[in-house]
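Letters go in sequence order (proteins before strands), and every chain restarts at 1.
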There are 2 protein chains.
Amino acid sequence: MHYLLGKTIKERRNMLHLTQEDLAAMAGVALRTLKSLEVGKGNPSINTLQKISEVLGMEVRLEVRKLDN
Amino acid sequence: MHYLLGKTIKERRNMLHLTQEDLAAMAGVALRTLKSLEVGKGNPSINTLQKISEVLGMEVRLEVRKLDN
DNA sequence: TCAAAAAGGGCATTATAATGCACTATCTAT
DNA sequence: ATAGATAGTGCATTATAATGCCCTTTTTGA
């Protein structure tokens, strides 16, 4: 269901040359959690998402949908 | 912690003239869940957030942080 | 090649989000 | 002012996210 989310995280992580282990440690989330997330499994809380996003220099935003797609 | 998130949801909901009961029903989440979320309590999953965002014509996005704030 | 590193997954446990219920507080029209 | 509608909260329960352990698969550098 959140395949795109995991894909985004994985791509950004690779772009920064971080391993899953690096990112998980830096973000303060369990490696197992990050692994699952990246392959699109699970339904992360925004806490988890934000901790990871922080390290990736990204942010979770809630915004009005742009017209069209 | 997610005070801003709840505030955003509440503002958008009022803008659309929906009650918490309306929104919760339309989004398919428990009223209790929405209430807590709007006052900044809890740590919603992105599923919950997305269901609510959908009804509000909003979306949860993960994007690279803009330079500065 | 092939050994080490990195990624992916099964499963049990723990922490906590989601929910229901019942109540109180606040807002809103009359 | 006051009744009904809407919003906020405490607490117990249920569903599930987060985690740890351990093993398999895939990738990568020498």
request  = Please tell me if the side chains of B:V39 and B:K35 come closer than 4.5 Å, counting only heavy atoms from C-beta onward.
outcome  =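 A side-chain contact is absent here, since even the closest heavy-atom pair is not under 4.5 Å.
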query = Side chains of A:D22 and A:V55: does their closest heavy-atom pair fall under 4.5 Å?
reply =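 No, too far: nothing below the 4.5 Å cut-off.
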Mind calculating the distance between [atom1] ([X]) and [atom2] ([N]) to the nearest angstrom?
X	N	atom1	atom2	answer
A:L18	D:dT27	CG	P	20 Å
B:N47	D:dA17	CG	C1'	11 Å
A:E21	C:dA7	CD	P	9 Å
B:L23	D:dG8	CG	P	12 Å
A:K41	C:dC11	NZ	P	11 Å
A:K51	C:dT16	NZ	C1'	12 Å
B:E38	D:dT9	CD	C1'	14 Å
B:I46	D:dT16	CD1	C1'	14 Å

Heavy atoms from C-beta onward define the side chain here; which of [options] lies closest to that of [X]?
X	options	answer
B:S45	D:dA18, D:dT6, C:dA17	C:dA17
B:V39	D:dT9, C:dA7, D:dA18	D:dT9
B:T48	C:dA18, C:dA17, D:dG8	C:dA18

ask   = Are B:T33 and B:I52 close enough, and set up right, to give a side chain to side chain contact (heavy atoms under 4.5 Å, CB included), and what steps lead you there?
value = CA-CA 11 Å; B:T33 301; B:I52 292 170; 5.8 Å; no
query = Below 4.0 angstrom, N of the basic side chain to O of the carboxylate: do B:K66 and A:E59 qualify?
reply =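 Not counted as a salt bridge, because no side-chain N and carboxylate O are separated by less than 4.0 Å.
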inquiry  = As a quick check of understanding, evaluate side chain to side chain contact (heavy atoms under 4.5 Å, CB included) for A:R12 and B:L62, giving each step before the final call.
reply    = CA-CA 11 Å; A:R12 179 76 179 166; B:L62 179 56; over 6 Å; no
key: Those residues of residues 26-37 of chain A lying under 4.0 Å from DNA chain C by at least one heavy atom   =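 Here the set is A:R32, A:K35.
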message = Go nucleotide by nucleotide along DNA chain D from the 5' end; which of B:N43 and B:Q20 gets its closest nucleotide reached first?
response =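 With B:N43 and B:Q20 compared, the 5'-side residue is B:Q20.
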request  = Measure the spacing between NZ of B:K10 and CG of B:L37 and express it to the nearest 0.5 Å.
outcome  =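 Nearest 0.5 Å value for the NZ-CG distance: 12.5 Å.
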Side-chain donor or acceptor of B:R13 paired with backbone N/O of B:L18 under 3.5 Å =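 Yes.
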